[in-house]
Amino acid sequence: MTVIVNRSEFYERGDTIPKSGSKERDNSEGVFADHTRFFTMHRVFPLLTSLCVFVHVVLGNTELEQFKVFIKQFNKVYKNQEEYQYRLSVFATNLNVARRLQEEELGTATYGITKFSDLTDEEFTRNSLTLIDDAPPNNVTQLKVEAAPVSKSCDWRKAGVISEAKSQGKCGSCWAFAAVANIEAQWGIIGHSVNLSVQQLIDCGPSKNGCKGVKVEEAFKSVIKQKGLVSEKVYPYKAVAQKCKKINSVRTTIKGYISLPKNEQVMANFVNVKGTIVVRLNSIGLKLYKGGVIHPKSCDVTKVNHAVLAVGYSKGKETF
């Protein structure tokens with residue numbers, strides 16, 4: 001089963017590297033989930049965004065020529081020749097990694113040059129993937145439902161309830177983006193379009209530094225404690241943790257969240273009937289991911305470090 005996900009937009013697509021030799025429903029609940037655990041919110045509203053493809057074909061060029069195109073395309077600036085050479089070396093390594101990922105890919109995903117192609121895995125993880133993953137607390141309600149037949153596919157983007165993709169910048173705030181996106185989508189599903197403040201959740205949330213990662217369920221707890229979130233326009237995103245601002249404005253809130261069973265069929269059925277859910281995943285390959293449905297040759301489900309929004313699913317090989 002293919003899961004359609006929406007993520008905080010820390011991706012930008014660059015050049016494709018081919019394989020070598022290639023040729024409203026009434027909804028009173030929202031949901032949060034990790035790769036096998038889902039947590040629901042009561043009267044919440046969120047969804048997915050589509051990614052913009054920006055492709056510049058440089059196939060057949062040397063690594064140096066591709067690097068020069070990469071620098072211009074993503075406005076990269078290096079402080080000296082030593083750093084330039086180092087980033088070129090990292091870039092060349094990542095080109096090889098992209099080729100390997102493409103060769104091993106079992107789905108429809110494509111890998112290639114992205115704005116992260118001059119970063120090491122450690123740098124990429126430190127800047128963008130700082131989700132704190134843990135088992136859900138014992139006091140979280142577990143939703144017990146039987147796996148039931150679901151329609152072949154579901155895509156909440158088509159209902160126009162998914163907010164646009166946003167960039168988290170160099171702030172480990174995927175937990176906040178995913179939680180806020182879910183709330184926005186769930187409200188959208190019942191007919192109320194909202195654009196809520198991620199920055200408020202980072203500044204006034206459960207951590208002294210919301211850019212260093214937080215458990216996603218803590219985000220929902222914080223929204224309830226704060227009696228809701230103000231709009232993005234009132235409290236805009238800055239991609240850095242700041243002092244909490246007390247703002248008197250209309251707030252959008254939730255009543256709670258639950259956990260779904262570790263069953264993909266149940267998760268798909270919930271998405272189809274109730275709407276979007278937040279999921280946690282292993283970000284392997286995301287640094288160089290450009291599009292399509294990811295189905296890696298191998299994936300360690302015990303190492304999840306990124307939160308995204310699941311807005312649908314497909315039983316086929318449809319690309320989203």
Side-chain angles (χ1 to χ4, degrees), residues 3-9 24-33 38-50 140-141 143 154-168 173-206 210 214 216-237 247-260 267-279 307-313:
V3 176
I4 312 170
V5 300
N6 178 37
R7 56 201 200 277
S8 55
E9 180 64 27
E24 207 142 310
R25 353 185 151 181
D26 184 6
N27 179 353
S28 62
E29 295 179 323
V31 184
F32 159 79
F38 288 63
F39 296 83
T40 315
M41 310 176 289
H42 196 78
R43 298 199 73 78
V44 188
F45 314 63
L47 240 171
L48 163 137
T49 50
S50 37
V140 173
T141 301
L143 181 63
C154 173
D155 187 351
W156 284 102
R157 294 174 300 178
K158 296 178 180 179
V161 297
I162 302 304
S163 55
E164 65 178 10
K166 302 171 183 177
S167 174
Q168 68 182 68
S173 53
C174 62
W175 62 277
F177 273 98
V180 170
N182 196 36
I183 297 174
E184 292 173 341
Q186 291 293 325
W187 275 103
I189 288 172
I190 63 170
H192 300 274
S193 178
V194 292
N195 186 14
L196 304 177
S197 174
V198 173
Q199 191 65 45
Q200 178 189 342
L201 197 51
I202 294 172
D203 296 347
C204 311
V214 174
V216 182
E217 51 266 42
E218 295 299 323
F220 296 123
K221 290 181 182 179
S222 181
V223 171
I224 297 170
K225 183 178 181 179
Q226 295 183 57
K227 302 186 185 306
L229 300 173
V230 300
S231 71
E232 167 70 16
K233 183 177 180 180
V234 171
Y235 203 149
Y237 188 65
I247 298 177
N248 293 322
S249 182
V250 176
R251 299 193 176 209
T252 300
T253 192
I254 61 176
K255 289 185 177 180
Y257 62 97
I258 66 173
S259 171
L260 288 179
M267 295 175 186
N269 192 45
F270 194 99
V271 170
N272 184 54
V273 175
K274 295 291 186 179
T276 60
I277 58 177
V278 174
V279 299
V308 298
L309 185 69
V311 302
Y313 62 86

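Just so you know, these numbers come straight off a predicted model, no measurement behind them.
- With hydrogens and angles ignored, the 3.5 Å screen pairs no side-chain donor or acceptor of Trp175 with any backbone N or O of Glu218.
- To the nearest 0.5 angstrom, Ile224 atom CD1 is 4.5 Å from Ile254 atom CD1.
- Considering only heavy atoms from C-beta on, Val198 stays 4.5 Å or farther from Gln168 through its side chain.
- Listed here is the closest heavy atom pair of Ala307 and Val216: CB-CG2, 3.9 Å.
- Shown here for Leu201 and Ala219, the closest heavy-atom pair between the two residues is CD1-O, 3.7 Å.
- The backbone N or O of Gly312 sits nowhere less than 3.5 Å from a side-chain atom of Arg157 that would complete a donor-acceptor pair.
- Residues satisfying the side-chain hydrogen bond (donor to acceptor under 3.5 Å, both in side chains) criterion with Ser231, sequence neighbours excluded, are absent altogether.
- Looking at residues two or more places apart in sequence or on another chain, you find a side chain to side chain contact (heavy atoms under 4.5 Å, CB included) between Ser249 and Val230, Val234, Ile247.
- Nearest heavy atom pair, residue Leu229 against residue Ser197, reads CD1-O, 3.9 Å.
- Taking both residues in full, the closest heavy atoms of Ala310 and Val279 are given as CB-CG1, 4.0 Å, listed atom of the first, atom of the second, then distance.
- Here the shortest heavy-atom pairing between Leu309 and Ala178 reads CD1-O, 4.3 Å.
- Considering every non-hydrogen atom in both Lys166 and Leu196, the closest pair reads NZ-O, 4.2 Å.
- Between Val271 and Trp156, some side-chain heavy-atom pair lies under the 4.5 Å cut-off.
- Gln200 places no side-chain N or O within 3.5 Å of a backbone atom of Val223 that could act as its donor or acceptor partner.
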